[in-house]
Amino acid sequence: MTSFPATDEAVRIAAPAQGSLRRKRRRETLRNLAFLSPWLLGVGLFFLYPLFSTIYFSFVKYDGYTPPTLVGLRNWKYVFTDFPNFWPAMENTVWLVLIMVTLRVAFGLGIGLLITKIKTGAGLFRTAFYLPYLAPPVAATMSFAFLLNPGTGPVNNILGALGLPQPGWFNDPTWSKPALTLLAIWGIGDLMVIFMASLLDVPKEQYEASELDGAGPLRRFQHITLPNISPIIMFAVVTGIIQAMQYYTQPLVAGKVASGVIGGSGQQFEPGYPDKSTLTLPQLVYNLGFQRFDIGSASVVALVLFVLSMIFTGLLMRRRGGLLSAED
Amino acid sequence: MPRVHRAVAAAAAIALFGTACTGTPAGTTASDDPSAKNVEILFWHGWSAPSEVKGIEASIKNFQAKFPNIKVKVVGNINDDKIKQALRTGGPSSPDVVSSFTTTNVGAFCSSNVFTDLKPFIEKSAINLEETFPKPVLDYTQFEGKRCALPLLNDAYGLYYNKDAFKAAGIANPPKTLSEFEAVAKKLTKPKGDTFSQLGFMPNYHGYEVTTSQYGALWGLKYFDEQGKSNASKDPNFVKAYQGQKKLVDALGGFAKLEKYRTTFGDEWGAKNPFHTGQVAMTFDGEWRAGMAKDAGIKFELGVAPVPVPDDQEDSYGKGYLSGTIIGISNKSEKKNAAWELTKYLTTDTDAVVNFSNAIHNVPSTFEALKSPKLADDPIMDVFIGIAQHKDSNSAPASVNGGAYLVTLQDLGYQYESGKITDLPAALKKADEQIDKDIAQAK
């Protein structure tokens with residue numbers, strides 16, 4: 001490393017050069033900012049502003065009408081210690097994230113694998129498994145509520161005819177979340193297509209080489225298929241978690257249909273039927289914010305949801321090395 | 001200040017500025033349309049059945065004939081969620097006049113000021129409320145002394161029964177006490193395998209109008225004490241009411257069996273209501289059910305009577321649960337005087353009240369309308385008018401957070417009827433604490 005003496009002469013000579021360098025840098029910064037401005041505007045408007053507003057609202061009493069007043073940690077205390085619906089909603093959301101996402105990914109991958117292996121009629125199966133994904137969530141949920149109706153539904157009639165137990169499905173707190181999971185698995189088409197594309201992309205030479213080495217189907221899946229599709233599994237898990245954290249429509253519609261509170265303009269439906277077993281955190285945000293107009297407490301729940309999403313995604317990103325192949 | 005901190009502070013300042021620009025309630029009296037001339041107002045209501053929609057449209061038509069300077073745009077089938085949200089939002093598409101079926105929400109409407117204080121308008125029109133409306137309807141349309149709503153027809157709840165099923169079971173008269181009721185319900189129940197071909201009565205909560213407030217009315221429950229604190233663990237009738245309901249559940253087949261049968265029921269507001277189809281032989285419901293049952297073409301003779309009362313309250317037979325439609329004016333309305341003209345007409349004009357009452361089979365809400373010769377001569381409606389005027393008839397009180405306390409008590413009911421809660425007094429104490437905490441949070 002070469003060093004120059006910082007004499008007065010050197011400073012005098014360097015000064016104009018530094019000035020023009022600074023101007024150049026400033027121009028560059030401004031240019032970069034100009035290019036970045038759409039993104040910055042988007043982040044400011046749609047991320048930072050809502051985020052800081054939510055943080056602010058979590059410390060005020062605000063009913064959406066009268067001006068907000070600061071109440072310190074009151075909303076936080078209410079949500080965590082006094083509001084009976086928070087912990088059931090938290091438990092349900094975590095259950096859905098862990099069980100529903102795992103099963104969706106497992107089924108999506110399983111069906112994708114099966115269809116890529118089928119020699120004849122693959123197109124028919126592809127269509128059959130993809131079609132349910134196109135059904136609107138409300139229609140799909142109402143159909144499931146009809147199929148799984150404990151009293152009149154064909155599913156229980158068949159189970160009864162076979163001498164098997166007939167669950168209460170959406171009317172039984174023990175079976176309501178498994179029923180929702182069945183509904184989610186039924187609409188697996190999106191994941192199936194993504195997994196199929198990634199499975200077909202695995203280099204055939206690797207399978208051929210492993211077969212020559214005497215690897216069986218299980219070892220080939222473990223050492224060739226899985227490492228090759230690990231980025232797609234990662235994608236499926238992360239997007240699945242985000243979907244599960246935003247789970248709102250299906251449990252609400254299922255609860256409404258099962259409880260019988262589907263008509264009647266004067267009726268207000270409290271989400272979570274039966275017995276808070278389908279209550280999710282996004283429903284709680286709506287219930288607190290737009291049914292009870294306790295915007296402060298709704299903001300607390302929204303922030304909890306945000307932090308929870310960060311934790312789940314952060315944990316997965318830390319495991320990124322384990323999930324992604326070396327080339328990624 | 002480090003750059004990151006400056007950015008955070010700036011964003012926070014923007015957020016705070018933005019949030020400071022939230023809606024502020026308008027004044028309680030309007031000065032922009034003092035003579036209410038040539039204005040158009042928007043009226044939201046919750047009726048959805050064709051006969052009811054026809055009824056309200058006829059009323060509005062009569063109003064416009066009387067007030068040609070006020071045009072009324074009507075939007076129906078609106079629930080309370082939409083009402084609460086629209087009243088806060090304001091703007092040209094938000095309603096000026098709003099009606100709601102949920103009387104327990106009056107507390108939330110009044111305390112949040114989303115409904116205009118009607119006192120100045122009532123004084124201007126020199127309406128003597130006590131001489132115009134019965135006390136119970138006046139009670140459920142105000143909150144803590146603030147008059148932000150008026151009654152638009154009254155609802156009384158009674159016992160509907162299938163006279164043919166009664167005859168077939170050899171029962172002569174509707175039951176008057178809960179003991180008689182249980183015996184009659186059992187007699188009318190016909191098991192079929194692990195379900196029923198006919199059930200005497202569906203006692204489970206979620207049996208449509210079988211709610212906490214309905215059972216509460218049988219027992220005359222006092223939900224709050226003088227200090228406004230929840231009273232569930234202190235009023236001994238709460239324990240009796242829950243135990244009585246559970247006894248009925250157990251007597252008629254048990255929670256699980258009844259629950260499974262309940263899932264075979266059709267829509268409460270449609271033709272396949274289980275009472276219409278004969279799946280249940282008795283039901284608690286409002287006076288409108290008679291009209292709906294006839295519209296559905298029921299094939300049995302309809303009977304109505306007051307709801308049964310606890311054995312130790314036999315002298316209160318004839319009472320029932322009261323509710324009704326309430327009507328108010330949006331505080332953000334800029335046409336409050338025109339909105340008041342419509343509100344005043346619909347609630348106090350005797351012909352308007354009587355015609356609307358006849359059209360939708362509701363109990364009139366003014367003294368004048370109740371004794372009007374134009375009121376349809378209907379023996380079924382007479383039973384409900386009797387219930388509405390009974391001294392012991394009662395209603396669930398309004399609270400600052402709407403019906404949140406009823407949701408808490410109903411949740412307790414689900415858990416008790418299904419056997420998840422066994423220590424009822426302890427559960428009631430916990431419910432009291434919860435209700436008080438929820439109210440404190442809303443204040």
Side-chain angles (χ1 to χ4, degrees), chain A residues 44 48-57 60-68 74-75 77-79 81-85 149-153 156 160 166 168-173 258-270 272-276 286 290-294 296-297, chain B residues 8 11-12 14-16 18-20 22-25 45-48 76-81 84-85 87-89 100-102 105 108 112-114 195 206-208 256 259-265 267-270 325 331 401-404 407-408 411 414-415 418 420 434 437-438 441-442:
Chain A
L48 289 176
Y49 172 69
L51 179 64
F52 284 110
S53 292
T54 311
I55 294 171
Y56 163 74
F57 279 125
V60 298
K61 175 185 158 38
Y62 181 47
D63 64 3
Y65 196 72
T66 36
R74 194 178 89 168
N75 298 325
K77 184 184 168 289
Y78 177 71
V79 168
T81 62
D82 297 339
F83 186 48
N85 292 355
N149 183 303
T152 56
N156 271 13
Q166 300 167 58
W169 300 113
F170 290 119
N171 288 82
D172 183 345
S259 68
V261 188
I262 48 172
S265 319
Q267 291 168 313
Q268 178 174 300
F269 179 72
E270 287 277 325
Y273 178 88
D275 211 7
K276 299 177 190 173
Y286 178 78
F290 300 104
Q291 285 185 307
R292 298 188 183 204
F293 286 96
D294 182 355
S297 300
Chain B
V8 170
I14 292 167
L16 291 176
T19 51
T22 44
T24 313
H45 66 77
W47 288 287
S48 56
N77 197 17
I78 297 284
N79 65 25
D80 273 37
D81 274 4
K84 286 191 243 173
Q85 286 154 22
L87 291 175
R88 283 166 168 81
T89 313
S100 159
F101 301 143
T102 321
N105 273 338
S112 62
N113 292 320
V114 293
T195 180
H206 270 308
Y208 300 121
E259 199 63 0
K260 191 179 171 189
Y261 187 58
R262 189 177 64 77
T263 63
T264 66
F265 291 177
D267 176 14
E268 178 184 2
W269 305 103
T325 307
N331 213 357
N401 55 2
V407 173
T408 303
D411 280 347
Y414 297 143
Q415 297 198 322
S418 62
K420 281 183 191 157
Q434 188 57 52
K437 279 175 188 171
D438 288 341
Q441 174 66 15

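Just so it is clear, the structure is predicted and the values come from calculations on it, not from any experiment. Note: hydrogens, waters and symmetry copies are ignored here, and every other heavy atom, side chains too, is used. Chain identifiers are assigned alphabetically (A, B, ...) following the order of the sequence lines, protein sequences preceding nucleic acid strands; residue numbering begins at 1 within each chain.
- If you check the side chains of B:Asp80 and B:Ser100, you find a donor sitting under 3.5 Å from an acceptor.
- Neither side chain, B:Glu259 nor A:Asn171, offers a donor N or O lying under 3.5 Å from an acceptor on the other.
- The candidate from A:Phe290, A:Phe293, A:Tyr273 with the greatest count of non-hydrogen atom pairs under 4.5 Å with chain B is A:Phe293.
- Every residue meeting the ring-ring contact (aromatic ring centres under 6.0 Å, His included) condition with A:Phe83, not counting sequence neighbours, appears here in chain and number order: A:Tyr78.
- The choice from B:Val114, B:Thr195, B:Asn401 that makes the most heavy-atom pairs within less than 4.5 Å of chain A is B:Val114.
- A:Asp82 touches chain B through backbone and side chain together, each having a heavy atom under 4.5 Å away.
- Chain B forms the most heavy-atom pairs under 4.5 Å with one residue out of A:Lys77, A:Arg74, A:Lys276, and that residue is A:Arg74.
- B:Gln434 and B:Asp438 share a donor-acceptor pair across their side chains, judged by distance under 3.5 Å alone.
- Heavy-atom minimum distance, A:Asn156 versus A:Pro150: ND2-CA, 3.3 Å.
- For a residue to count as touching a neighbouring chain, one of its non-hydrogen atoms must lie under 4.5 Å from one of that chain's; by this rule A:Phe170 does not touch chain B.
- Contacts of B:Thr264 with chain A are made by both backbone and side-chain atoms, with heavy-atom separations under 4.5 Å.
- There is no contact between A:Asp172 and chain B, counting heavy-atom distances below 4.5 Å.
- For the residue pair A:Asp63/A:Thr66, the side-chain donor-acceptor check at 3.5 Å is satisfied.
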